[in-house]
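So that the names make sense, note that chain A is the first sequence line, chain B the second, and so on, each numbered from 1. Since this is a predicted model, take the numbers as computed values, not measurements.
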Amino acid sequence: MKICGVDIGSLETKVVLLDDNNIIDYRVGRSTYDFKRVGNNLFNDLLEHHNLKKSDVYIMSTGYGRNTIDIADDRITEITAHARGAQFFFPDVNSVIDIGGQDSKAIVISKKTGNVIDFQMNDKCAAGTGRFIEVMSGALEVPIQDIGDLALKSNNPASISSTCTVFAESEVISLFAKGTKKEDIAAGIHKSIARRVAGMAKRIGVAPLLVFCGGVAKNIAVKEFLEQELGFEIVIPVDNGKSIAQLTGAIGAALIAQDQNNG
Amino acid sequence: MDNLELLSEYSLFLREKKEEGKKVVAFISHDNIPEELLDAAGFVPLRLMFAGNDELMDASHDYLSPSTCAFAQSCIGLFSIKPSHYRFLDIIDYFIISNHCVSDICASEIISKYFNIPRLNFYISYTKNDNSGKYFKLELLDFKDQLEKISGIKIKNEDLKESIRNYNNFKKKIFEFSNLNIIGSEKLRVLQRAMLYGPPFLPELESHIQMFKENQVQKTDNLKGILITGGSIFLNDFLIDLIEEAGGNVIFFDTWVGYSYYSQIFEDNIIDSIENPLDLLVNRFKNNIYDDHSVPNFLENKISQIELVYQEYFKKTGRKLGIINHIIKFCDHISLMSSHLKNRLQQKGISVLNLERDYSKANRGQLSTRIEAFLEMM
Ligand code: SF4
C-alpha cells in the first residue's frame with residue numbers, strides 16, 4: 001500500500017506520496033481559509049496523476065489543520081512528524097528547527113531511540129515565524145522570495161530591537177525614512193527572527209546535527225543568521241540538489257504511517 | 001451537568017444563604033485564606049475560581065495592564081462585565097484583599113474599590129519560617145477581629161474548632177474521592193464543585209464516592225497518565241478537555257484546586273487537644289510546604305512531591321507519568337521556577353511540558369498541538 005503524508009500548515013499545504021521509503025511525488029498549495037478543500041484537491045490531483053484510488057493509499061495528516069481533513073486515516077502532530085522527517089534525511093540528527101508560516105518550533109531528538117525528547121513552540125505572536133518576514137517584506141516593498149538574497153548583500157545589518165511584529169514594522173519604516181539601506185534593514189529583520197528562534201531553541205539544548213525545515217528554510221538568509229546565532233552549521237533536507245525542507249513534515253507523517261503499518 | 005447549570009445552581013445556593021441572613025465574603029482562590037474563621041463567624045466563603053476568556057481579559061484592561069496574570073485579569077473582567085451566569089457576584093458583602101502574589105493584591109484592590117465591595121484585609125508572608133509564623137498569627141488575630149466587628153459575633157474557640165473539624169472531615173472525604181480510579185475531567189468537576197461549596201457539599205460528595213465505587217465504569221487504562229502542576233484548572237476551563245481529547249488522563253492535580261487544598265488536614269486528636277485553634281491554622285500555614293509560598297524550599301519540596309507520585313504511578317501501572325506544568329500567562333510565581341523545575345525533573349528521567357497560556361480561544365489550536373506532541377513524546 002502507498003502512503004500519503006498531508007501537512008496542512010497555516011499558509012501552505014503539502015502532500016507527499018511515498019512508497020517504501022521513496023518519495024514518488026508531491027504537491028504544494030496555498031492553504032487558504034478552506035484547509036479541507038485544498039488538502040482534498042492536492043491529494044486527488046496526486047491520485048489522478050498516478051492512477052490510484054483513495055483505497056490504495058493510507059493517509060496520515062499533520063500540521064496546524066491536521067484535524068480538519070476527513071480523508072485522513074490517522075493524524076500526528078507536526079512536532080513528531082518533523083522529527084521523523086528530519087531523521088529520514090539525516091539519520092544522525094540531534095535537533096530540528098521548523099519555522100512555518102505562523103509558528104516556529106525547536107525539537108530535540110534522542111540519538112538512542114530516535115524519539116522526540118523535548119520541544120518548544122513559540123507562542124501565538126508572529127515574531128519568529130514566516131508571517132514576520134511576510135509583514136516586513138511588505139513594509140520594505142521587496143517580494144518575499146527576494147528578501148533573503150537582499151539581506152545577504154548587507155555589510156552592516158541594522159539593529160531591530162522590537163520582537164513584536166507590530167513594533168518591528170514601525171521600526172523598519174522609521175529606519176527606511178532615515179535612509180538606512182534596504183539590504184541593511186533586510187539583514188536586521190533576518191537577524192531579529194534568527195535571534196528569537198535561536199533563543200527559544202537554546203532553551204531546550206539544541207545541538208548539531210541540526211536540521212532546519214519548514215517553509216522559511218527556503219530563505220537562505222534565515223539559515224545563515226541562525227548559524228551565526230547558534231554558533232554551528234545547520235543542514236537543510238534536499239532531494240536531487242533541490243531544497244525540500246518544506247516537505248519534511250509531510251514526509252515524516254507518511255513515514256510514521258509506514259512504520260505503524262509495518263508493525 | 002455542565003458549568004452553566006452549576007453556576008445557576010450555585011447562585012441559588014448563595015441566595016438561599018442570604019435569605020437565611022448570612023453574609024457572603026469573596027476572595028481570589030488561593031491557599032492560606034482561613035475559610036474556617038469565616039465559617040465560624042457565620043459568613044459564606046465565595047472562592048473566585050472561575051477561568052477566563054477573551055472578553056473577560058479584555059474588559060480588565062480598563063483597570064490593569066495586560067501584563068497582569070490572565071487569571072487575575074479574568075477575575076476583574078467578571079466584575080466588570082458580570083455575565084448573566086455570574087449575577088451572584090452582586091450579592092457579595094465583603095471582599096478579602098490578600099497578597100498571595102502581586103496580581104492577587106492588585107486585582108483584589110481593584111475589585112473592592114471600583115465595584116464598591118467593602119474590604120477585609122488578610123496578608124501573608126512570602127517565606128516560611130518562625131517569624132512568618134508569628135506574623136501569620138497576628139494576621140489571623142486581626143482577621144478574626146475584623147470578622148467579629150462586622151458580624152457582631154464573638155468567635156469562640158469551640159466554634160472555630162467545630163469549623164476546623166467540619167472542613168477537616170470534608171477534606172478527608174475529598175482525599176478519599178481523589179484516590180478513585182476515574183477519568184480526570186470527572187474528578188476535576190467534583191473537586192471544583194467541592195471547593196466552591198465547601199462542607200455543605202459533603203453529602204453530595206459522599207454519594208459521588210458511593211456511586212463511583214459501585215460503578216467504576218470509566219476505563220482509563222488506554223490513556224496516558226498526567227500530573228498537572230503549577231496553575232490550577234479553574235471552572236469553565238477547556239484545558240482538561242484538550243488533554244483528554246489528546247489521549248491523556250490527569251490522575252493527580254498537584255495544584256491549589258487539588259492536592260494543595262485537600263491535603264491540608266489535621267489529626268482529629270490534635271483538634272481536640274489544642275488550646276488555641278488559631279495555632280492549628282498557623283501550623284497548617286507552616287506545614288504547607290508544597291506551594292509557591294514555601295520559600296526557601298519550594299522547588300525542592302515540589303520536586304520530591306512530584307517524584308513520589310511518579311514512582312507510585314510507575315509501580316502501580318508500569319507506565320511513565322507525564323508532568324504538565326500549567327503556567328497561566330504572567331503568573332510570575334509559576335513561570336519564574338518553570339525552567340528549573342523542568343530541568344530538574346528531566347534529569348530524573350521525568351518528561352515535563354511547560355504549558356504557558358492565557359485564556360484566549362485563539363490559543364486553543366496551539367495548546368492542543370503542544371499537549372498532543374507531549375503525549376506522543378511520552
Ligand atoms: S495565577 Fe499566579 S499570578 Fe495569578 S493570581 Fe494566581 S498566583 Fe497570582
- Task: For chain B, find which of Ile107(A), Asp118(A), Asn115(A) contributes the most heavy-atom pairs closer than 4.5 angstrom.
- Result: Asp118(A)
- salt bridge (charged side-chain N to carboxylate O under 4.0 Å, His left out) partners for Asp104(B), two or more places apart: none
- Using non-hydrogen atoms and a 4.5 Å limit, figure out which bit of Ser351(B) sits close to chain A: side chain, backbone, both or neither. neither
- Please say whether the positively charged group of Arg27(A), taken as NZ for Lys or CZ for Arg, lies over the ring of Phe43(A), i.e. under 6.0 angstrom from the six-membered ring centre and within 45 degrees of the axis. no
- Do the side chains of Asp358(B) and Asn363(B) get nearer than 4.5 Å, heavy atoms only? yes
- Task: Check the surroundings of atom NZ in Lys202(A): do more than 12 heavy atoms from other residues, nucleotides or ligands lie under 6.0 Å from it?
- Result: yes
- Taking heavy atoms only and a threshold strictly under 4.5 Å, list by residue number the residues of residues 73-83 of chain A that touch chain B; give 'none' if the list is empty. Ile76(A), Thr77(A), Glu78(A), Ile79(A), Thr80(A)
- Message: If I measure from the heavy atoms of chain B, does Asn67(A) come under 4.5 Å with its side chain, its backbone, both, or neither?
- Response: side chain
- Item | With Asp34(A) via salt bridge (charged side-chain N to carboxylate O under 4.0 Å, His left out) - residues at least two apart | Arg37(A)
- Query: Which bit of Leu353(B) is near chain A, if near means a heavy-atom gap under 4.5 Å: side chain, backbone, both or neither?
  - Reply: side chain
- Considering the options Phe71(B), Tyr359(B), Trp256(B), which one meets the ring-ring contact (aromatic ring centres under 6.0 Å, His included) requirement together with Phe234(B)? Phe71(B)
- Message: With a strict 4.5 Å heavy-atom criterion, list every residue of residues 59-66 of chain A that contacts chain B, or say none.
- Response: Arg66(A)
